[in-house]
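Data first, discussion second: the structure below is written as structure tokens.
Small disclaimer: the values here were computed from a predicted structure and weren't measured. Along the sequence shown, residues are numbered consecutively beginning with 1.
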Amino acid sequence: MQAVVLAAGEGTRLRPLTEDKPKALVEVDGRPILGHCFDRVVELGADELLVVVGYKKEKIIDFYGDEYEGTPITYTHQREPKGLAHAVLTVEDHVDDDFMLILGDNIFEANLDDVVRRQREDRADAAFLVEEVPYEEASRYGVCDTNDYGEITKVVEKPDDPPTNLVMTGFYTFTPAIFHACHLVQPSNRGEYEITDAINLLLQSGRTIDAIRLDGWRMDIGYPEDRKEAERRLQDGYDAKAESKEASAASE
């Protein structure tokens with residue numbers, strides 16, 4: 001399965017960290033955010049990384065080159081920041097089957113494998129990792145409605161008055177049907193081609209999208225405080241793993 005990694009963002013809210021580099025190369029715990037994303041999808045068996053670049057794209061291309069730990073990288077260029085649906089369309093000619101999509105400004109320590117497994121079951125046309133957040137934070141994200149079967153029925157992009165507190169986390173699996181939906185999307189009030197509008201078109205056409213509840217944690221690195229919190233959580237995870245290894249060794 002291919003993995004599409006969206007890494008075209010500038011990251012204005014992370015300045016001054018992004019004055020000389022794209023958002024995806026901002027370091028968290030000593031490594032670029034993008035490297036954390038690559039690790040997750042390579043662990044999930046990605047056989048190719050399709051990386052969408054934009055702002056200061058040459059920095060990413062020079063840093064990673066044409067492969068990551070043996071997995072080939074293909075770069076596509078989003079020439080203008082016109083939204084996620086617009087970014088997804090830049091990889092259309094390179095995708096031939098179901099694929100993973102991960103936002104290159106998110107860090108995950110979570111059950112992404114459950115999403116991929118659900119996609120491979122051929123039970124759904126797409127699957128999203130979702131989580132419940134405080135209502136006051138939901139307006140930062142794409143908000144989901146679901147039915148009693150755990151299927152997504154509607155999504156709303158960054159609503160002023162969120163209908164629920166269940167949000168998309170930035171990790172998805174799709175069939176190539178998403179490309180046709182992206183072609184049909186019209187610019188939103190923000191002037192962007194929203195992935196949420198494409199998702200709603202899929203739903204309206206009768207496609208099934210499963211919501212997989214997050215088990216673990218993820219951080220959307222939008223602000224400096226998010227970066228600090230992600231570093232704290234990563235360090236706590238390393239410490240917990242080290243203590244577990246020590247306890248296991250002592251019991252042998």
Side-chain angles (χ1 to χ4, degrees), residues 2-44 46 48-69 71-78 81 83-84 87-88 90-91 99-113 115-116 128-131 133 137 140-142 158 167-173 195 214 216-238:
Q2 294 164 296
V4 176
V5 187
L6 303 187
E10 181 175 349
T12 55
R13 294 172 299 186
L14 281 170
R15 286 180 176 164
L17 296 171
T18 53
E19 287 180 351
D20 64 345
K21 68 181 70 171
K23 184 179 185 180
L25 288 185
V26 169
E27 291 190 352
V28 175
D29 198 36
R31 300 179 60 229
I33 303 170
L34 198 53
H36 292 280
C37 292
F38 286 173
D39 283 346
R40 297 290 80 77
V41 294
V42 168
E43 288 169 359
L44 292 168
E48 183 182 12
L49 305 176
L50 301 173
V51 183
V52 182
V53 294
Y55 175 72
K56 295 189 181 294
K57 65 183 187 301
E58 68 284 349
K59 298 273 188 177
I60 292 175
I61 296 170
D62 290 346
F63 192 92
Y64 287 106
D66 59 5
E67 69 171 39
Y68 181 80
E69 296 186 355
T71 302
I73 300 176
T74 298
Y75 298 96
T76 65
H77 185 198
Q78 185 184 24
L84 296 188
V88 166
T90 68
V91 306
F99 65 97
M100 297 176 259
L101 175 68
I102 189 169
L103 304 189
D105 56 3
N106 279 234
I107 291 181
F108 292 90
E109 290 290 329
N111 55 322
L112 308 187
D113 56 324
V115 182
V116 173
F128 302 165
L129 190 68
V130 300
E131 72 168 325
V133 300
E137 295 180 14
R140 290 176 55 182
Y141 306 104
K158 299 179 180 177
V167 305
M168 298 188 292
T169 65
F171 185 77
Y172 321 74
T173 54
I195 193 69
L214 179 140
W217 63 268
R218 67 98 189 201
M219 288 293 300
D220 172 12
I221 312 299
Y223 297 89
E225 57 266 31
D226 298 326
R227 176 173 172 260
K228 291 179 181 178
E229 175 62 14
E231 290 185 330
R232 184 192 68 78
R233 293 187 185 190
L234 287 169
Q235 287 297 329
D236 286 350
Y238 299 149

Checklist line | Over all atoms of both residues, closest heavy-atom pair of Leu34 and Ala7 | finding: CD1-CB, 4.0 Å
Note to self: If you compare all heavy atoms of Ile33 against all heavy atoms of Ile107, which two are closest, and at what distance to 0.1 Å?
What the structure shows: CG2-CG1, 4.1 Å
Only counting residues at least two apart or in another chain, list the ones meeting salt bridge (Lys or Arg N to Asp or Glu O under 4.0 Å) with [X].
X	answer
Glu43	Arg40
Asp220	none
Arg13	none

Using side-chain hydrogen bond (donor to acceptor under 3.5 Å, both in side chains) as the criterion, list what pairs up with [X], not counting sequence neighbours.
X	result
Arg15	Glu10
Gln2	Glu48
Arg218	Asn106, Glu131

Checklist line | Side-chain heavy-atom pair Tyr75, Ile60 within 4.5 angstrom cut-off | finding: yes
Notebook entry, point to check: Can Asp39 and Arg31 be said to form a side-chain contact (heavy atoms from CB on, under 4.5 Å), step by step?
Noted result: CA-CA 11 Å; Asp39 283 346; Arg31 300 179 60 229; 2.9 Å; yes
Margin query: Between Lys228 and Glu231, does any NZ, NE, NH1 or NH2 come within less than 4.0 Å of an OD or OE carboxylate oxygen?
Written below: no
Could you work out, with side-chain contact (heavy atoms from CB on, under 4.5 Å) as the rule, every residue matching [X], not counting sequence neighbours?
X	value
Thr76	Val52, Thr90, Val91, His94
Leu84	Leu6, Leu103, Ile195
Ala46	Ala3, Val41, Leu49, Met100

For residues 16-26, please give each side-chain donor-acceptor pair under 3.5 Å, one per line with the distance, not counting sequence neighbours.
{"residue": "Thr18", "atom": "OG1", "partner": "Gly11", "partner atom": "O", "Å": "2.7"}
{"residue": "Lys23", "atom": "NZ", "partner": "Asp105", "partner atom": "OD2", "Å": "2.8"}

Notebook entry, point to check: Distance-only, no hydrogens or angles: does the His36 side chain make a donor-acceptor pair with backbone N or O of Asp29 under 3.5 Å?
Noted result: no
Check: Which residues satisfy the ring pair (Phe, Tyr, Trp, His ring centres under 6.0 Å) test with Tyr141, sequence neighbours excluded?
Finding: none
Item checked: Partner set under ring pair (Phe, Tyr, Trp, His ring centres under 6.0 Å) for Phe38, not counting sequence neighbours -> Tyr64, Tyr68
Rounded to the nearest 0.5 Å, what's the gap from [atom1] on [X] to [atom2] on [Y]? Could you check?
X	Y	atom1	atom2	result
Leu112	Thr169	CG	OG1	7.5 Å
Glu69	Glu67	CD	CD	9.5 Å
Met219	Glu109	CE	CD	12.5 Å
Asp66	Ile61	CG	CD1	11.0 Å

